[in-house]
Structure formats: C-alpha cells, structure tokens
Amino acid sequence: MRESQAYIERIKRVNRQYQRLELAVHQSLTSVLAGQALLARRIEKDFESERWDPYLRKLWFPVDLHAGNLLTIELSAHEQFSPGELLSIIGPIGQPFRFRQKLRNILLIANQTTPAPLLMMLPSLLKRQVSVTMVLMGEARAYDTSHLPGEVEIIHAEDDLSWNDMVMTLGWADQVFAACDPGDELRHFADILRLMRERRNDVPLNYAFGVFQRTLPCGVGACHACVLNLRGAQKLQCVDGLAFDLTTLRMN
Amino acid sequence: MRESQAYIERIKRVNRQYQRLELAVHQSLTSVLAGQALLARRIEKDFESERWDPYLRKLWFPVDLHAGNLLTIELSAHEQFSPGELLSIIGPIGQPFRFRQKLRNILLIANQTTPAPLLMMLPSLLKRQVSVTMVLMGEARAYDTSHLPGEVEIIHAEDDLSWNDMVMTLGWADQVFAACDPGDELRHFADILRLMRERRNDVPLNYAFGVFQRTLPCGVGACHACVLNLRGAQKLQCVDGLAFDLTTLRMN
Amino acid sequence: MAIEITRSRKYSLVVSTPVMPAAGAFGFADSYRAMIDYEKLGALVTNPVTIDAWNPAAGTRTVPLDAGLLLHTGLPNPGLRKVIRRYRKTWSNLPIPVILHLAGTSVQHVSQAVNLLDEVDEVAAVELGLSDDLTEGEALALVCAASKLEKPLLVRLPFYECYQLALPAAEAGADALVLTAAPRGTARDAHSGRLVSGRIYGPLIKPMILRLVGRLRREVAAEVPIIGCGGIHSPQDARDYIDAGAIAVQVDTATWAQPKMLERISRDLGGWIATRRKDALLDEWNPDMGHTEALQRRAPAPRANDLGK
Amino acid sequence: MAIEITRSRKYSLVVSTPVMPAAGAFGFADSYRAMIDYEKLGALVTNPVTIDAWNPAAGTRTVPLDAGLLLHTGLPNPGLRKVIRRYRKTWSNLPIPVILHLAGTSVQHVSQAVNLLDEVDEVAAVELGLSDDLTEGEALALVCAASKLEKPLLVRLPFYECYQLALPAAEAGADALVLTAAPRGTARDAHSGRLVSGRIYGPLIKPMILRLVGRLRREVAAEVPIIGCGGIHSPQDARDYIDAGAIAVQVDTATWAQPKMLERISRDLGGWIATRRKDALLDEWNPDMGHTEALQRRAPAPRANDLGK
Ligand SMILES: Cc1cc2nc3c(=O)[nH]c(=O)nc-3n(C[C@H](O)[C@H](O)[C@H](O)COP(=O)(O)OP(=O)(O)OC[C@H]3O[C@@H](n4cnc5c(N)ncnc54)[C@H](O)[C@@H]3O)c2cc1C
Ligand SMILES: Cc1cc2nc3c(=O)[nH]c(=O)nc-3n(C[C@H](O)[C@H](O)[C@H](O)COP(=O)(O)OP(=O)(O)OC[C@H]3O[C@@H](n4cnc5c(N)ncnc54)[C@H](O)[C@@H]3O)c2cc1C
Ligand SMILES: Cc1cc2nc3c(=O)[nH]c(=O)nc-3n(C[C@H](O)[C@H](O)[C@H](O)COP(=O)(O)O)c2cc1C
Ligand SMILES: Cc1cc2nc3c(=O)[nH]c(=O)nc-3n(C[C@H](O)[C@H](O)[C@H](O)COP(=O)(O)O)c2cc1C
Ligand code: FES
Ligand code: FES
C-alpha cells in the first residue's frame, strides 16, 4: 500500500442516483481485487496549499478495473467532481475477499447502504459461471440496478428483512457477503446473522462475511480507531478487513 | 445594504492573469456605484449544509454593470468558478467615490495590487470627457492593461515609485484615487502621500483618496475590526469608506 | 415562549427565544437591521463597552485560519457615556431587550459603570466580561462590584480559566454565566510575517466549549442559568448546547459569514419553524433565502433577465 | 543536525530533525513504512501503551467536524509486555530513536512500566501521558514515579490543565514537556444522534496551543525543553512552534489526511530542502508528489495510457 495520485479521466451518470468516476491510477493500484478499497482525497491545483475541510479521506470501493489502469468508482450523483481533477489515493486498503475455491452460488446483501462494496467481484464471478443473487434491504431497495449485469438475480427484501424462498436461497448459497449502513453496522450485521441462524441449521465458518465501512482515520494500522473485537483477538478493519466472518465477531 | 443571491452568468478570461465573472444580481445591487464593493461567499447547492472554509467573505469591487443587472467582477485567473454557481452577496458595501463636480483630470494609482477597485469609474468618467491617467507601481506594473479602454493613459512607475513628469501629472490632476496592497496599506498610503507632498506645494482636502481593502469581517459596522483613526474621529472602513481622504488619516 | 435566562430574583431577564448574538459580533445597536429580523431574536448583546474610550488595536486585526479566524480588535468603543448617549434612542425602539456588555477592567470602573447603567432603562441587563489572566481574587472583586447593579447580571467567563472561576462567580452574584469568551491564540500573519495574538473563532471551538458547558452544568448551582457561547454555526449546534444544559445560546462570528444564520437558529429554537409544507420553496423555510433561489427552483436554467427584477 | 530535545543529564535524547509523530497518530512501529521515509524523522513516538491490555472504546469513535474530527478510541493496546515483545525487533531496525508513550494510569503501573522499560534498549526514551482531570498531586506522583527511569523522560500535559501542571512537572523530573495532548470535547454523532466525548483534532487547535507554548516557554526553567504538539498541518505551522520557543514538534492527525505532510515538515525543519532548482518538477521538491504529477507537468493533457505504467 502506498500513496499515489489519480486523475478523474471520465465521469458517467449511470442512473438517476449514481455516477461513475473512471480514475487513471498509478500502477500500484492496478492489482486491486474485490474486497479492497481506496482512501481518497482531493488535491489542490498548486499542490502546495492544502485544504483541511473535509478532513478525513473518503473510503471508496472500486467497482471495476479496465484498460489496465482505469479504476471505476460508483458514487452518489450529488457529489460534484470534474474530469481532470486530481486525487490523492492511499491504497489498496485491506485484504481481497476470500472466495471458496469451489464457489458456485453466492449471495450478496446490501442493508441500508449502496451495494458498491460488493460490485467489483461481479465480472470475474460471472465469468467463472458463479450464480449471483443480490438481496436489497431497507433503503437499499431504492437502489437502481438497471446498470448491473443481467445475470445477477435481484431480490427486494420485505420490511422484516425476509424474502420469498429465503430458506432455499440461504441453503443454496456457498457464501454470503453483506454490506450495511456504517452508522450502526454491528446491529445490522447481528440482525442478518440472526436471520441466517433462524433459517439454517448451522452457520459455518467462512460462510457469512460482513464488509465493514466504518470511518478509517488512517487506513494503515496506525490509529487503532478501527479495532474490532473478533473471537479471540483484536483485528484492524483497515489491515485485516475490510470483510470479517460474522460468526467470529463479538457483537457488542 | 442587504444579503441576496447572485448567479455566475458567464466567465470570461480577459487576459493571461485575469478572468471576469458576470453576476446576475438582485435589484438591490443594480445601483452600485464606483467605490462600493460586495462581500461574496459561495453557497452550497442544497442551501442547508454550510461550508465554513474559507470562513470570511471576499471583498469584490465591481468593475462594470450592464444589461440592467449584470455586475462584472475581475478576479485572478487562478480562482476556480463555474457558470451557474450561486453566490451569497452582502452589499453594497461603503459609500460611492465623491468626485469633484468640475472633475476634468483624474489620477489613479495602483501600488502592489490590482487596480480593480478603480475600474468601475472608467466608463462614466470617460463619457464625461474626464482625462484618466493610471499609474502602476511595484508589482502592479505587471498588470496587463490591454483590456482597459484605450483612452486611459497608463504609466509604469519606477522602483522608487516616481515617474516622468510626475510633478506635472500631480499638478494636473484634480483628484487622485489610490489602491495599495492590503497587507501593509497604511505604510503604502503614507509613501504615496509623502511623494505628493514632495512634488506639490500643498495637498488639499478632497484631493488624495486611498481605497482601503483590509479584511472586513462583517461589512455592516458590527465588528469594529475595520476602525480607522481619522483626524478627529474613528471611522468604519465598511460603512464610511471604503475610500478615505489620505490627508485626514492618522498614519500609525 | 417565555424563558427566564437569569436567576429568579427581584430582577430577572425573560426572553422569547433562547438565542442572541455574542458581545462583539453584532455592534452596539442596529447594524444588522437590514438583514435580520430582530423580533426573532431573544435579546441584543452589545459590543464590549468600557468607561473610557478605547482605540482600535494597532497592527494586524484579522488572520484567516482554516475554517475560522483570529481576531484582535482592541475593543474600540467611544466609552460608556457616549455609547449610552448615542444608542439609547435606538435601543428603546428595538423589539427585544438590550444586554450591555461591560468589559471588566477595574473595580472602580465597574462601580462607575453600574451607577451609570442603573439609570438607563433601555438597558435590560448587563453582561460583565472577565478578561483572561485575572487572578481569582481580581475576578471576584469585579463580579462583586457589578452585582450591586439593580438589574440582572450576566458574567462571561474566559475560556481557559472558566473551570476555576465558574463556581466563585456564581456565588459572588452572577445571575447567569456565559460560557465562554473565545479562546486566545497566536497565529502568523502572512502579510507582516509576525506571530500575532488574538481570539480564535470557528466551528471547531464548539466541541470544546460544549464539553465545558456540560460539565459545569453539573457543578454550578442549579438556580444559576448557563448560556452557551462558542462556535455555534447551525441550529443543531445551538440545540446541542441546550441538550448539554444551557438555557440559551449566543452566536458569534457565524453571523459575519452568513448573517441570516443567526435568525435561522433563532427561528429554530424559538419554535417558529415547526412544520414545513411538502414541496415548500426553500425561501419559505429558510429565512436566508432570497427570492433569486425561489425563482431558480421554479425555472431550472434561468437567464439573466429572469433574475433580480 | 543534532538537537538535544531533553534536558542535558546523564541521559538525554538527541535527534537529527526536530520533527516526530505524536503518540496515537503513527502506530506502534512501522505502520507508515510504505509511505514515509523514517530516516527523515527525528524520532518515532509510539501509540499509548498501558501495563494491562486495553480494549477499544464501545460506540462511536470518530465524528467528522469542520476542518477537523473528534476521536475516541479508548486507546486499545495489548499491554506493555506484549507491545515490547511484538515490536522490539522492528524498533531495533528503525533508523531513528523510539520514544514509547506510556499512558499514566497509576503510580504502581508507572513504576512497573519503568522497571520493564529500563531493560529495553530499543526504547530510547519514554513519554508519560498525563490524563485530564488528575489533581496536581496525582499528576506529580506519576511524574515522580516515572522519573526513576534511567532514560530521558518526556511528559505530555493535558490541554486544559497545562498551565497548572507545567512547572511542577518540570520540577518533579520531566526532561522535556510536550505541549499538549489534544483538547477534549463533545460533539453530536450524526448516526446515533447522541452527544459523544473525545479528543478534538484539526488546524484550529494550533493557535491555542501555540500561545500556550509561547507563554510557558517564558515561565518554565530554560533547561527543560518544550516540544510543541497540536494542530500542525504545514511546515509553516511547525516553524511557528519553533519560533514560539519549542525545541521540536509532534505532528498528529495531519498524517492521516496527508501522510507525506509529516515527511515534508520534517525535511523542511531538518534542512533537507534548502534550494530548489529553477523549474524543478513538483515531485523533486515535495516528497509527497507521486510520479503521476511529474508526468502531468511534462504533458499537460495526459491520456489514460500515459499514466501509471
Ligand atoms: C473584559 C475584556 C474583554 C476583551 N475582549 C476582547 C475581545 O473579545 N476581542 C479582542 O480582540 N480583544 C478583547 N479585549 C482586549 C484584549 O484583552 C487586549 O487587547 C489583550 O489583553 C491584549 O492581547 P493579549 O494579552 O492576548 O496578547 P499579548 O501577546 O499579551 O499582547 C501584548 C501586547 O501586544 C499587543 N498585540 C497583541 N496582538 C496584536 C496584534 N495582532 N497586532 C498588534 N499588536 C498586538 C497588545 O495590544 C498588547 O499591548 C478584551 C479586554 C477585556 C478587559
Ligand atoms: C494518559 C491517558 C491518555 C489518554 N489519551 C487518549 C487519547 O489520546 N485518545 C483517546 O481516545 N483516549 C485517550 N485516553 C482514554 C480516555 O482518557 C478515556 O477513555 C476517557 O477518560 C473517557 O472519556 P471522558 O472522560 O472524556 O468522557 P466522559 O464523558 O467522562 O466518559 C464517560 C464514559 O463514557 C464513555 N464514552 C465516552 N465517549 C464515548 C463514545 N464516543 N462512545 C461510547 N462511549 C463513550 C467512556 O468510555 C466513559 O466510560 C487516555 C487515557 C489516559 C489515562
Ligand atoms: C486587559 C486590558 C486591555 C486593554 N485594552 C485596551 C485596548 O484595546 N485599547 C485601548 O485603547 N486601551 C486598552 N486598555 C486600557 C489601558 O489600560 C490603557 O489605556 C493603555 O492602553 C495602556 O497602555 P499600555 O499599552 O502601555 O499598557 C486595556 C486595559 C486592560 C487592563
Ligand atoms: C482515565 C482512564 C482511562 C481508561 N481507559 C480505558 C480504556 O479506554 N479501555 C480499557 O479497556 N480500560 C481503560 N481503563 C482501565 C480501567 O481502569 C478498567 O480496565 C475498566 O475499563 C474499568 O471499567 P469502568 O468503565 O467500569 O470504569 C482506563 C482507566 C483510566 C483511569
Ligand atoms: S484506520 Fe487507523 S488503524 Fe485502521
Ligand atoms: S467590517 Fe465589521 S465593522 Fe467594518
């Protein structure tokens, strides 16, 4: 991981809600894998004067990499960027998702948040013929999925977070990756884990993962503001995460 | 004076150094006269979230008014604006310049600063057949005057602030208006006044004016950070200025 | 609404909104009359006044900081007698009570001022400003002298010494504590290249003073109201002070950057904004929206001629 | 350069640059090795360590503020013995001295820690962190206990109590004073809607602590160096502290926002940037310029393919 500069090469509006930025990135970022993220910050034109508001970096999950060095980021359409803007990037942050070798069916869950942290895996999984189902819960149900690959099955959960054939979907899935509103992540993850435990005899290790999106002040393991208590050990979200096995998490 | 919103209608690059913003302003600003200024601040798109960096408003001197409600502002080309941006404006700030009724010759001086505070008067004075001479001193000599009306005579002063025919120019002028680097205004104005006193038998009242550009925290007479000691009284730059008779100023 | 913001005694100060400008931010009387609806404020707090006239500070007065500024004015004012003479009439025409801020210089000066101010009906209450670097004894002597006043006495405490002075000041006769004056600091003036000292303003001051208010509210006798002052830049900031135990708030330099924010905060805490019609125009909701914005919302891409006429 | 940043005694600490990270900002050892040239720093100051392991704080840990943040981590650390075991090797390979930050909890704990640390050659000095809300007596007892150390002892003072504690701490055996820890404050967490407390960071802290440094430099005995710490975000900020009388500076959260700023400050004060070739590329001058920028300057309108390969 290092600090590098990136350009905004192009900005595309993908739908009413979202825009995608194509960043021309330094080669240290061209090997980013699904599960890893960037900490981004705008740079002043003259490089000498720094602006300190906003103060901390933004956590961005790439959703695509193409043409060798163009990383795509999906952001709310409300945020204002211009092509040609220069960014400072710290990354890659965290570890790639650890997929099972014999992965055939994967379930993705977005609860009260954009599914952006889960999108980078889609092209490669679909190429490997993995079946992908995405469940949108709570406010995530308003997420417009028209720009996602047609092969991804989309399910909108009920208000109680359940959906039709839920027992079947959960049994069918070899692995589950969930993203939740970073404001109250632990509670949301606990809810999801409870749902699973109610619908499956057993939630094994390496089955259910939560992707953590809490604020990362440093992103390099220095500040220890991102420590999570996992069964048996303290883990750093920015170094050991960003995804953790939900069954190992101490939910307090 | 009041607060109103203004639009950036158009941005023109007038030369290598400067751009001009055309602001569509509220009617309370359409009677702005030479000598008056605006205190401007960008507005966030959603109107609810305020950004507090930069903190204080910028002091802008209009350089032109046309089409009824389009105020032109001249700013360094380095500052970034976009057409359509919305601004909050407090103004008009201060009193119009008080020109002599029988004004025929006027001398404008810019010392280490852009002459922007002196430009608004040009169209009406030229129409009244007043002869205008502008002396650029110090770093102001680098100011590109190619976009100014051809009738304005431009003089570049020497390093010691003098120029050819200085005695004549000072005798010829009915009034002098000077703008200086706001960082060290009092010293600069003292220098200019000394120059005049050396070259003229007498510097009468209502002859030499300094346009003050110090930071105005409030602009409405509330904070008293802009108090100047004039002979006999404390004056507020934002209410009683922005120009003051240099001979009445206590230079300390 | 009717909120008693000073101790219940023979004299006490009741305001209709728990929001007012801080001393030094708002002028002596009606500087903001063209921009702010004074009727929506709880009170007017004047700029600091001294018995004798004070001159402005020499040298640098403002240094811009990230999201803030350093200010050193030297508190220029024409002296108490002139201030009363000059603004008395305006004060009597204001729709809100006037709190005169008296900079506490010496016991003798404060006593003189108290005698003068007791005769001025247009002044509803006095706020005594305690300077930094006073010893506890000096500070208390000033509060005692000021408490002879036959009107409510607010005492504004300095930032660094506020823990030390709060309880003694309340016991010595303060009818309300204003927490706090802006902290002093030092910054480099880019023009002169010199380090200059002054007071520090900006939103980052708020969390520090908010904490002081929360803690001192638990320690100071309950009958002495606390007024929160420091870094308030939004209605939420003001509500945070109320939640932390303040009876009212003072808004300082935010007014300079965005004058209508004071009124917006005041409307919010004063209960003038209770509901918002679905699809209300922004300027029906926010007092600081000029009609330009309303027009913009009606016609997304306005031309010059659509505006301002 | 060789700068003695602690009192001249049998043991003292000499650094080659008067710039180091602040405790809590930089991790325990080499978190920033991929981004910052440690050789350009004066020293490494570790995150706070306690005798027993501490868990992270429950609840909200960061609240974003205007040009700043509130932080409350609870100082998670695996306890002094584990820290020594885990990082000893890395420390010994670092090109700069290691200052271990010891959070001062009790006299007994501090004495235990002193005994342990005297045996650890990889630790060049100890910085004792004094918590807020200690009485003067408690604080002095901690400093006394720590001064038994056979290494230089730096003492970091809390913000609000720093006046009160500076002189006594110096007399009780501090070989240098670090002014100050970040001030405590309270802010509303937008997610939970609750007021939470923590430390306040951001550039606006600097003018306040700079003033404290300037004043205390005149009061504290001259042989006790003062290290300035608070809100440093640029080389000029750091130089301001030196001008105000600090022998060295610590950079805190600026490193998180812009990691290379620490190195830039360190190069600046360490004299590594003395001249700049006319027309030098920005990345030849500023250590935090990646080569992307260099390329941009050579070819004003780069295409995707020109970059990053
Ligand atoms: C009750 C009370 C309230 C006050 N409230 C305010 C207030 O809200 N705002 C305010 O600005 N003042 C205020 N003052 C005035 C202020 O306290 C004095 O001017 C101040 O004490 C001098 O600054 P200092 O002691 O912090 O700095 P020091 O560094 O101790 O000042 C030493 C000297 O340097 C001069 N000086 C300081 N800064 C500058 C500068 N930037 N440029 C030139 N010279 C300088 C001072 O005038 C002083 O003579 C108040 C005074 C009193 C008694
Ligand atoms: C020498 C020393 C140095 C320290 N330095 C630091 C430091 O640099 N950074 C740091 O973060 N901590 C630091 N701590 C730990 C910190 O002092 C304690 O956690 C702190 O005293 C508790 O906060 P408080 O007393 O300010 O707030 P209080 O409001 O008095 O806290 C009361 C209780 O609320 C809890 N609490 C406070 N804030 C939150 C929150 N946001 N979410 C959930 N619960 C909360 C606290 O844990 C505490 O139990 C240090 C401690 C010591 C001894
Ligand atoms: C804390 C304090 C602040 C003062 N500030 C000012 C001021 O800003 N302007 C002023 O004219 N007098 C001020 N005075 C009044 C002074 O006592 C006196 O008029 C004069 O400034 C003293 O000069 P000196 O600078 O040599 O002390 C202040 C007095 C005190 C105690
Ligand atoms: C000022 C101070 C801060 C402390 N902070 C922590 C902390 O952040 N994390 C922790 O595990 N223990 C901390 N401790 C240690 C406590 O003494 C103890 O382990 C425990 O947290 C006490 O529980 P309590 O919250 O009921 O006081 C701290 C102790 C003191 C004196
Ligand atoms: S974000 Fe700082 S340690 Fe993880
Ligand atoms: S700028 Fe505030 S009184 Fe003039």
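Side-chain atoms are counted along with the backbone in the values below, which use heavy atoms only and exclude waters and symmetry mates. To find a chain, count down the sequence lines: A is the first, B the second, and so on, and within it residues start at 1.
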Considering only heavy atoms and a distance below 4.5 Å, find which of D:I36, D:D30, D:T253, D:L69 pairs most often with chain A.
-> D:T253
A:P54 versus chain D, the contacting section by heavy-atom distance below 4.5 Å | neither
Tell me, please, which residues at least two apart from D:K82 pass side chain to side chain donor-acceptor pair (under 3.5 Å).
-> none
So, the part of A:L216 with a heavy atom under 4.5 Å from chain D: the answer is neither
D:D66 portion near chain A, given a 4.5 angstrom heavy-atom threshold | both
For the residue pair A:F244 and A:F212, categorise the inter-ring angle as parallel (less than 30°), tilted (30 to 60°) or perpendicular (more than 60°).
-> perpendicular
Specify which of D:P259, D:G68, D:P64 makes the most heavy-atom pairs with chain A at under 4.5 Å.
-> D:G68
Checked A:R57, A:E22, A:R51 vs chain D; the most non-hydrogen pairs under 4.5 Å come from A:R57
How about A:F209 and A:F97: are their ring centroids closer than 6.0 Å?
-> no
Mind telling me whether A:W52 and D:H233 have parallel, tilted or perpendicular rings, with 30° and 60° as the class edges?
-> perpendicular
Derivation and outcome, salt bridge (Lys or Arg N to Asp or Glu O under 4.0 Å), residues D:R264 and D:D268 | CA-CA 6 Å; D:R264 203 198 280 193; D:D268 189 281; over 6 Å; no
Checked A:G221, A:P182, A:C223 vs chain D; the most non-hydrogen pairs under 4.5 Å come from A:C223
Applying a strict 4.5 Å limit to non-hydrogen atoms, the region of D:A257 in contact with chain A is both
Given that the side chain runs from C-beta out, which part of D:L65 has a heavy atom under 4.5 Å from chain A: side chain, backbone, both or neither?
-> backbone
Pick from A:I89, A:V220, A:I90: which one makes a side chain to side chain contact (heavy atoms under 4.5 Å, CB included) with A:L39?
-> A:I90
May I ask you to name which of A:A222, A:C226, A:G219, A:A225 has the most heavy-atom pairs under 4.5 Å with chain D?
-> A:A222
Whether over 12 other heavy atoms sit under 6.0 Å from D:R81 CZ = no
One option among D:W256, D:Y32, D:F26 has the most heavy-atom pairs under 4.5 Å with chain A, and it is D:W256
For D:Y241, enumerate each residue passing the ring pair (Phe, Tyr, Trp, His ring centres under 6.0 Å) test, keeping only those at least two apart in sequence or located in another chain.
-> none
Partner chain A: residue of D:S234, D:P203, D:A25 with the largest heavy-atom pair count (under 4.5 Å) = D:P203
